[in-house]
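Just so it is clear, the structure is predicted and the values come from calculations on it, not from any experiment. Just so we're on the same page: letters track the sequence lines, and every chain starts at 1. Computation of the quantities below employed the complete heavy-atom set of this structure, encompassing side-chain atoms and omitting hydrogens, waters and symmetry-equivalent molecules.
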Protein chains: 2
Amino acid sequence: MVSIVDIAKECGVTPSTVSRALNGKDGVSEALRDKIIKTSVDLGYESNEKARWLATKESRQIGLILPDITSPYYAAIAKGVCDYLRPLGYSVLLCNSSRDRHEEKENIKMLQRQRVDGVVVISVTAKEEDLFPLLNSGIKVVAADVEIGPAFSSVVNDNYQGALMLFRHMIKCGSRNIGCILGEAQSQTTVDRLNALKRVLEENSIEFNKDNVVYTDATFENGYKKAKMLISKKIDSLFAINDTVALGVIKYCQDHGINIPHDLKVAGYDDLEIGSMIEVPLTTVHQRKVLLGRKAAELLLQEIKSHSEPLKIVLAPKLTVRSSCGENFL
Amino acid sequence: MVSIVDIAKECGVTPSTVSRALNGKDGVSEALRDKIIKTSVDLGYESNEKARWLATKESRQIGLILPDITSPYYAAIAKGVCDYLRPLGYSVLLCNSSRDRHEEKENIKMLQRQRVDGVVVISVTAKEEDLFPLLNSGIKVVAADVEIGPAFSSVVNDNYQGALMLFRHMIKCGSRNIGCILGEAQSQTTVDRLNALKRVLEENSIEFNKDNVVYTDATFENGYKKAKMLISKKIDSLFAINDTVALGVIKYCQDHGINIPHDLKVAGYDDLEIGSMIEVPLTTVHQRKVLLGRKAAELLLQEIKSHSEPLKIVLAPKLTVRSSCGENFL
DNA sequence: GTGAAAGCGCTAACAA
DNA sequence: TTGTTAGCGCTTTCAC
C-alpha cells in the first residue's frame with residue numbers, strides 16, 4: 001500500500017511537503033504541487049484516514065443507528081444520510097439495532113471505539129442517558145425522526161400537522177366515527193397524532209370516543225386483527241398509525257367483503273411506495289424520509305464543524321390523497 | 001478521551017502491560033489483569049481502533065456496496081451482513097451506489113481510504129476491473145447476489161433451480177402459454193430464469209414463443225405497462241422477474257377487471273413481504289436474503305483471516321405457493 | 001517554499 | 001511477569 005513517503009521519495013521531497021501539497025495547503029510552489037499530485041495519482045495513492053485521524057482527530061466517519069434497515073421508512077432515511085455524506089468525503093457506519101436497547105448500547109460503544117466524528121440516531125427505545133457516553137467522548141449526536149432529549153439536536157416530521165391535515169380530509173370525506181389503530185400509548189408519534197384527532201373532532205363538534213382507539217405494535221398482523229375488532233364497533237373510518245398497519249386493515253376488508261371506501265374509509269401514515277400500488281390506493285400522509293435523513297446529516301456536520309447549540313428542525317408533511325377515504329366533498 | 005496511558009498511570013504500570021491485559025494476551029498476572037480491566041471500565045475506556053489499526057493493520061471495518069438500500073431485497077441482505085458482523089466486533093460502512101458505476105468507483109476509493117479489512121459488493125453495473133484496486137491494496141472482496149468474476153468469491157441464490165420449481169408449479173396449475181417480463185437481457189439472473197423456462201417447456205413439449213418475452217427495467221411501472229402489452233397476446237400466465245414487477249401486473253389486472261388467477265395466473269420472484277399482504281397473495285420464489293448477506297460476511301471474514309482461494313456458495317431457493325397461480329392440480 | 005522533528009495511541013519485539 | 005523501545009502514516013509547528 002502506497003504512502004506519502006513513497007510519493008515523497010519519488011518526487012525527491014519530504015513527506016511534509018507531500019502532505020501540504022495533497023491537502024491543498026499553501027507553502028508549496030504550484031509546479032511542485034502539480035508534480036506531487038500527478039505522482040500520487042500514478043502511484044494509485046489513497047489517503048490513509050486511519051493515520052490521518054491520529055494526527056487530526058478527524059475520522060470522516062459518521063455512525064447511523066436505526067431500528068431496522070429492513071423497514072422502508074428507515075431505509076429511506078438511511079439513503080438520505082448516505083447520499084448526502086458520500087460526496088462530502090464521509091462514510092457512514094450502519095448500525096442495525098433491531099429495536100433492542102442492549103444492541104443500541106453495544107453499537108454506541110462500537111462507534112466510540114471507531115472514533116466516529118458524529119452519529120445520527122433513530123431510536124424509539126434508547127434513553128437519553130444511553131447517549132451521554134457519546135457526548136462525553138466528544139462525539140456529536142443528532143436525533144432523527146424522534147427526539148431524545150434537550151441535550152440533542154433533532155430533525156423530525158411534524159406529526160401533529162400531518163395528522164391534522166389527514167383528519168380534516170377524512171371529515172370532509174364524510175367520516176364521523178373514526179377508529180384508530182395507534183402505536184405505543186407513550187410514544188410521541190402516537191400522542192401527537194391522537195391530539196390532532198381530538199382537535200379536529202372538536203372543530204367539528206364530534207365527541208371523542210376512546211373506545212374507538214386501540215394501542216398496539218405497529219405491524220401488518222395487528223392491523224388485520226385490530227381491524228376486525230374495531231369494525232365490530234360501527235366505525236365508518238379507520239386511521240392506522242402507519243401504512244403497514246393500514247395494509248393489514250385493507251387485507252382484512254378484502255378478505256371479508258368490506259368495500260373501501262364505501263363501507264369503510266381507511267387512511268395510513270408515511271406514504272410508503274406500496275400504498276400507490278395496491279388495488280385501492282391508500283390515502284396517507286407523505287413524510288419527507290430521504291430529506292429527513294439528509295437534514296439530520298447536514299445538522300450533524302454543522303455541529304461537528306462549529307460547536308453550536310442543540311437545534312430542532314421540524315419538517316412539514318404533505319397530505320397524499322388517493323382513494324381509500326373516498327372523495328373530498330368540500 | 002481516555003487512553004491506555006491513563007489506565008497505565010492509574011494502575012502504576014506501563015501502557016504495554018495494559019495493552020496485553022486488555023487484549024487477553026498472556027504474560028500478565030491474573031491479579032493485575034483484573035485490576036487493569038476494572039479500572040478500564042471505571043474510566044470508561046473504549047479501545048481506539050484507529051490507533052490500533054496503525055499498529056496492527058486491522059481496522060475491523062467492512063464495506064458494503066449495494067445498488068439501493070431502499071429496495072427491500074438489498075435491505076434484507078444488508079441486515080444479514082450487519083447482524084452477523086456486529087457481535088464479532090466489526091462495523092459496516094454502508095455505500096449506496098444508486099446503481100451508478102461512477103458512484104461505485106467513488107465508494108471503492110473511499111473504502112480504500114478508510115482502510116477497511118474487506119468489502120461485500122452487490123453490483124449489477126460494476127466491472128471486474130473496477131474492483132481490482134481493492135484486491136491490489138490487500139482488501140478482500142466477496143460478491144453477493146451476483147458474481148463479478150473468477151477472482152472473487154461469491155454468494156448467490158440459485159436462480160435456475162428457483163425458476164425451475166416455479167415454472168413446473170405453473171405448468172401443474174394449468175399454464176400453457178406463459179408470458180415473461182424479464183430484466184436486462186444480458187443479466188445472469190434473467191438468463192438463468194429464462195433457461196429454466198425453456199427447460200420446463202421442453203419437459204412438457206410446449207413450444208417456446210419468444211414473442212411472449214419482454215426485457216425491461218424491473219419496476220412497478222414497467223410491470224403495469226408490459227402486462228398490458230403481453231395480455232393482448234393471449235397468454236394465460238405471466239411471470240415477472242421480481243415481485244415489484246408482479247405488483248405492477250396485478251395492479252393492471254385489478255384496474256381492468258382481469259381476475260387472478262382465473263383469467264391470468266401471475267407469479268413473481270423474491271418473496272417480498274408485501275406479496276402476502278395484498279388481496280390476491282402472490283406465488284413467488286423465496287430468496288434467502290438475510291442468509292445471503294450473512295453468508296457473504298462469513299465468507300469475507302474467512303478470507304480475511306486465512307488467505308483462501310475464491311469460493312462460490314449457491315443458496316437454494318424455496319417455492320412459495322400462494323394463490324396467484326391457482327391450485328396445483330397434480 | 002521546503003525540511004526537520006515531534007507526536008498522535010497503540011502493539012510487538014526484545015530486555016530485564 | 002513486566003518494562004523499554006521502536007514504529008505504524010500522517011500532520012503540524014518551527015527552522016531554514
Exercise. For C/dG3, does either OP1 or OP2 sit under 4.0 Å from a side-chain N or O belonging to A/T14?
Worked result: yes

Exercise. Is A/S29 near enough to C/dT2 that one of its side-chain N or O atoms lies under 4.0 angstrom from OP1 or OP2?
Worked result: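 For C/dT2, OP1 or OP2 has a side-chain N or O of A/S29 closer than 4.0 Å.
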
Given atom [atom1] of [X] and atom [atom2] of [N], what is their separation to the nearest angstrom?
X      : N      : atom1 : atom2 : value
B/M1   : C/dC10 : CE    : C1'   : 14 Å
A/Q114 : C/dG9  : CD    : P     : 17 Å
A/E49  : D/dC8  : CD    : C1'   : 16 Å
A/E58  : C/dC8  : CD    : P     : 18 Å
A/N48  : D/dT11 : CG    : P     : 9 Å
B/L54  : C/dC8  : CG    : C1'   : 9 Å
A/K35  : C/dG1  : NZ    : P     : 17 Å
A/K50  : D/dT11 : NZ    : P     : 14 Å

Problem set entry | Spacing of CG belonging to B/D270 relative to OG belonging to B/S71, to within rounding of 0.5 Å | 8.0 Å

Problem set entry | Residue that, paired with B/I304, satisfies side chain to side chain contact (heavy atoms under 4.5 Å, CB included) out of B/D117, B/I139, B/V142 | B/D117

Problem set entry | Nucleotide-resolved protein contact map, nucleotides 11-16 of chain C, B/S/- at heavy-atom distance under 4.0 Å | BBB---

Exercise. Can you name the side-chain contact (heavy atoms from CB on, under 4.5 Å) partners of A/A78, sequence neighbours left out?
Worked result: A/L64, A/L66, A/I69

For this session: Tell me what A/K57 touches on the nucleic acid: a base, only sugar-phosphate, or nothing, going by heavy atoms under 4.0 Å.
Result: sugar-phosphate

Problem set entry | Sugar-phosphate, base or nothing in reach of B/S3, heavy atoms under 4.0 Å |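 Sugar-phosphate only.
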
Problem set entry | First of B/D26 and B/R115 reached from the 5' end of DNA chain D, by closest nucleotide |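 Counting from the 5' end, the first nearest nucleotide belongs to B/D26.
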
Exercise. Is there a donor-acceptor contact under 3.5 Å from the side chain of B/D130 to the main chain of B/A126?
Worked result: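 No, B/D130 side chain to B/A126 backbone: no donor-acceptor pair under 3.5 Å.
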
Problem set entry | A/S137 side chain to A/L134 backbone, donor-acceptor under 3.5 Å | yes

For this session: Count the heavy atoms belonging to other residues, nucleotides or ligands that lie under 6.0 Å from CZ of A/R52, then report whether that count exceeds 12.
Result: yes

Problem set entry | Crowding at NZ, B/K38 (>12 non-hydrogen neighbours, <6.0 Å) |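 Atom NZ in B/K38 is not crowded, with 12 or fewer foreign heavy atoms closer than 6.0 Å.
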
